[in-house]
Amino acid sequence: MNVEAIIIDGMAFALPIFIMAIGGIYSEKSGITMLALEGLQGFGAFTGAIAVLILSPVIGENSPKLIYIAIFAAMIGGMIYSMLHAVLSIHFLANQVISGVVVNILAAALTTFLTSLLNESLTGEASNKIQLGAAPRFTVPYLSSVPILGAFFKDVYIFVPFIMFFALIAWYVLYKTPYGLRLRACGENPYSVDAAGGNVNGIRFSAVMICGFLSGLAGIFFAYSTSANFSPSIYMGYGYLAIAALIFGNWKILPTLGVCVFFGLAKSGGYQLTLALGLSSKVSDLFLTIPYILTLLLLIFFSKHNHPPKAVGQPFD
Amino acid sequence: MTDQKNANPNKNAFRPIDLLADERWNKISIPFITILLTILVASLIMILIGRSPVVAMRSFLQGSGLWPKAVYTPSKGMLTDLFSFLGIFSPMLLASLGVVVAMKGGMFNIGISGQMLASGFLATVFIGYSDLSSTIARPLILLIGISVGGLLGALIGYLKYRFNIHEVVSTIMFNYIISYITGFFINGYYADMITRTSRAVRAAARLQVSDLTFMGQKISFPLGLPIALIAVFLIQFFINRTVSGFEIRMIGSNRICAQYAGVKVGRGLVRAMAISGMLAGLAGVTMYLGYYNTIVPKELSSMGYDSIAVALLGNLSPSGCIFASFLITIFQKGAVYMSSSTGVAKEIASVITGILLLFSATGIYIKHVAQRTRAKRSILPSSNKNNPNGNGGTRI
């Protein structure tokens with residue numbers, strides 16, 4: 001078994017799910033049920049891919065700037081699209097579960113349609129893919145030479161520092177600032193925030209936008225790394241895995257990181273196991289079910305004891 | 001709301017705002033507005049990409065066999081298309097009934113497509129390839145569809161009640177697990193060498209009577225159609241006229257209240273999800289063993305999501321679902337013909353369904369604004385001159 005590969009691939013799967021889950025925590029802690037992560041990351045990936053498609057003839061296809069532009073565009077795209085969920089659930093008083101699913105369905109339909117429309121007008125053939133290539137990776141000197149654990153610093157995607165940066169800021173803002181305190185209070189007892197002079201719906205709106213912002217980063221990570229393109233296959237259900245992760249993590253950022261790393265290692269471990277046993281690629285389909293089955297099993301053991309925010313899903317009027 | 005009765009002595013006088021505010025009328029008027037807005041937005045999209053919306057809408061109807069096409073191949077005609085349309089309309093109706101029953105119990109079954117795939121796959125493998133005669137095979141297929149879907153649904157209800165697992169997360173997990181496992185078996189053991197999808201089931205087991213001639217046109221009669229229509233009446237009866245149905249509705253509107261009233265909440269949740277799953281299972285067998293006659297490996301049907309749109313548009317009433325699934329099936333079924341005649345990518349059908357869902361989700365807001373406006377006008381009859389649409393932008 002190749003332990004290094006398990007860690008490298010596992011972290012490349014765990015970290016985007018983690019940043020998405022942080023977004024989910026923000027939204028749910030503020031009292032807005034967030035089932036739309038799947039759609040937000042997909043839409044973010046789409047806007048990032050569009051930015052690459054449009055700008056690559058201008059600044060050169062191999063320009064290193066391209067990837068930063070893609071990240072920026074994806075995060076902004078995810079943020080703008082998330083406002084749809086915010087408007088539906090805050091201003092239009094829609095059922096937040098339904099609204100989340102609507103946002104997911106619309107994202108999948110819109111991005112697929114727009115991709116084939118754009119491809120047709122730009123290249124003449126109606127393909128539903130936007131080629132991106134794989135993002136560069138780097139290895140941290142010294143740290144990566146530590147046996148076994150050094151793999152955490154080896155072949156790291158360029159997105160990882162971004163994720164760590166935003167995750168740290170998100171942690172600090174949520175737990176150490178007045179805004180974070182108010183945000184968490186909005187999910188427990190919005191009337192107390194209102195009485196204290198806070199703007200409940202404004203805080204909730206901003207929380208959903210932060211969620212979209214972070215999910216966009218996850219989306220472009222998926223599109224620009226393993227799959228190397230934007231296509232409808234970006235909707236693989238990873239957004240729902242992030243929701244499951246934040247539920248085990250009990251709506252707290254640090255435990256959620258642990259769950260995400262566990263997901264990642266379980267997935268890449270299963271894959272490396274099929275390689276080590278010399279099984280055919282057909283069997284690897286069965287191993288792809290591992291994260292989903294683990295999610296269900298973990299939910300069975302942990303869901304009973306967790307405490308979702310008290311006011312989640314209730315519109316504040 | 002209580003002031004409004006006192007302030008409005010002439011209660012029976014009909015005002016236009018009642019169309020939206022009154023519970024009797026808004027069951028029809030709000031879906032109608034939803035549809036109108038959707039068609040408007042869809043037409044705008046068509047104009048934006050330089051196509052005629054009239055031609056596009058007409059070709060949606062032509063593809064569904066509801067409007068005559070310019071040319072038909074010999075022995076085919078509008079009826080051929082119409083019955084083909086009904087062939088996919090029936091599973092859509094069944095699936096949306098499944099969504100309705102779960103929603104009445106306060107749950108959201110977005111695992112319809114997984115339940116359809118599981119039941120369709122097992123029915124194909126166990127009965128579809130056997131050489132039983134059609135009188136035995138067809139009822140057995142329905143039985144498998146009902147039991148597989150029902151068991152999956154019951155399991156989700158049980159997980160929800162016993163372990164507090166949100167049904168949206170568990171159904172999605174099941175969707176992917178089912179899709180990968182059935183994909184593995186189809187690719188490995190049941191694949192057709194040429195199409196790479198599962199081998200076609202035998203004609204005797206298929207839930208569709210093919211190659212009938214009706215009024216000089218070749219048609220295939222979908223057996224799902226009578227099943228779906230019977231299901232509408234049964235579910236309508238079950239929800240509105242039986243004790244279990246009442247209990248499910250009670251749990252859906254206020255679970256704690258139901259518990260105090262002595263309703264066994266766990267049993268009700270499991271029952272609602274089981275029935276929802278059964279309907280999804282029926283939808284699965286009528287689609288995979290009827291309309292398509294094959295299963296594409298590792299592909300979940302988009303019907304799982306479309307049926308949510310249908311259920312919301314149909315106002316969560318079984319009879320409303322008939323009209324709503326008719327409408328959404330027009331877009332889904334007509335998309336292929338529309339795509340070939342106007343050159344717009346057929347994914348536009350999903351976009352239109354998505355927009356329809358979007359407006360359906362805001363239906364509660366339209367009602368809210370209308371009722372508030374009516375209440376206000378009753379108190380201040382003079383204030384309605386400059387604000388005919390209510391104060392949609394500002395909140396109280």
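Each chain gets a letter, A, B and so on, in the order its sequence line appears, and its residues count up from 1. Being a predicted model, the structure only gives us computed values, none of them experimental.
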- Message: How close do A:Cys211 and A:Leu40 get, counting heavy atoms only, and between which atoms?
- Response: SG-CD1, 4.0 Å

- So which part of B:Phe108 gets closer than 4.5 Å to some heavy atom of chain A, the side chain, the backbone, both or neither? side chain

- Message: If you count every heavy atom of other residues, nucleotides or ligands that lies below 6.0 Å from B:Leu48 atom CG, does the total exceed 12?
- Response: yes

- Item | Engaged part of A:Ile105 at the chain B interface, taking heavy atoms whose separation is under 4.5 Å | side chain

- Task: Can you tell which part of B:Leu159 gets under 4.5 Å to a heavy atom of chain A, answering side chain, backbone, both or neither?
- Result: side chain

- Message: Less than 6.0 angstrom separating the ring centers of A:Phe13 and A:Tyr238, yes or no?
- Response: yes

- Query: Where do A:Tyr191 and A:Phe316 land on the ring-ring contact (aromatic ring centres under 6.0 Å, His included) test, with the steps shown first?
  - Reply: CA-CA 8 Å; A:Tyr191 299 97; A:Phe316 177 78; 5.1 Å; yes

- Task: State, without any angle test, whether B:Asn175 and A:Tyr240 hold a side-chain donor-acceptor pair at a distance under 3.5 Å.
- Result: no

- How far apart are the C-alpha atoms of B:Met273 and B:Leu269, what are their side-chain angles, what is the distance that settles it, and do they pass the side-chain contact (heavy atoms from CB on, under 4.5 Å) test? CA-CA 6 Å; B:Met273 280 311 278; B:Leu269 287 178; 5.9 Å; no

- Query: Side chain, backbone, both or neither: which part of A:Leu241 has a heavy atom under 4.5 Å from chain B?
  - Reply: both

- Message: Less than 4.5 Å to any heavy atom of chain B: does that hold for the side chain of A:Ile293, its backbone, both, or neither?
- Response: both

- Check whether B:Leu300 gets within reach of chain A through its side chain, its backbone, both or neither, counting any heavy atom under 4.5 Å. neither

- Task: Using non-hydrogen atoms and a 4.5 Å limit, figure out which bit of B:Ile366 sits close to chain A: side chain, backbone, both or neither.
- Result: neither

- Message: Using a 6.0 Å cut-off, check whether atom OH of B:Tyr180 has over 12 heavy atoms from anything other than its own residue.
- Response: yes

- Task: Specify which of B:Lys298, B:Met173, B:Glu347, B:Arg162 makes the most heavy-atom pairs with chain A at under 4.5 Å.
- Result: B:Met173

- chain B contact via A:Ser99 - which portion, at a heavy-atom distance below 4.5 Å: neither

- List the steps, then state whether side-chain contact (heavy atoms from CB on, under 4.5 Å) holds for A:Phe205 with A:Val87. CA-CA 8 Å; A:Phe205 205 101; A:Val87 167; 3.9 Å; yes

- Do A:Thr295 and A:Phe248 have side-chain heavy atoms sitting under 4.5 Å apart? yes

- Query: chain A heavy atoms under 4.5 Å from B:Ile177: which part of the residue, side chain, backbone, both or neither?
  - Reply: both

- Message: Heavy-atom cut-off 4.5 Å, strictly under: side chain, backbone, both or neither for A:Val103 against chain B?
- Response: neither

- Residue part contacting chain A, namely of B:Val169, when any heavy atom lies under 4.5 Å: side chain

- More than 12 foreign heavy atoms under 6.0 Å from CZ of B:Phe163: is that the case here? yes

- Query: Is chain B contacted by the side chain of A:Leu88, its backbone, both, or neither, given a heavy-atom distance below 4.5 Å?
  - Reply: side chain

- What part of B:Ile49 lies closer than 4.5 angstrom to a heavy atom of chain A: side chain, backbone, both or neither? side chain

- Under 6.0 Å between ring centres, would you say that holds for B:Phe185 and B:Tyr190? no

- Item | Atom group of A:Leu299 that falls short of 4.5 Å from chain B, counting heavy atoms | both

- Could you tell me which portion of A:Leu117 (side chain, backbone, both or neither) has an atom closer than 4.5 angstrom to a non-hydrogen atom of chain B? side chain

- Message: For the interface with chain B, which of A:Leu106, A:Ile300, A:Thr289 has the highest count of heavy-atom pairs at distances below 4.5 Å?
- Response: A:Ile300

- Message: Does any backbone or side-chain atom of B:Ile348 lie under 4.5 Å from a heavy atom of chain A? Answer side chain, backbone, both or neither.
- Response: both

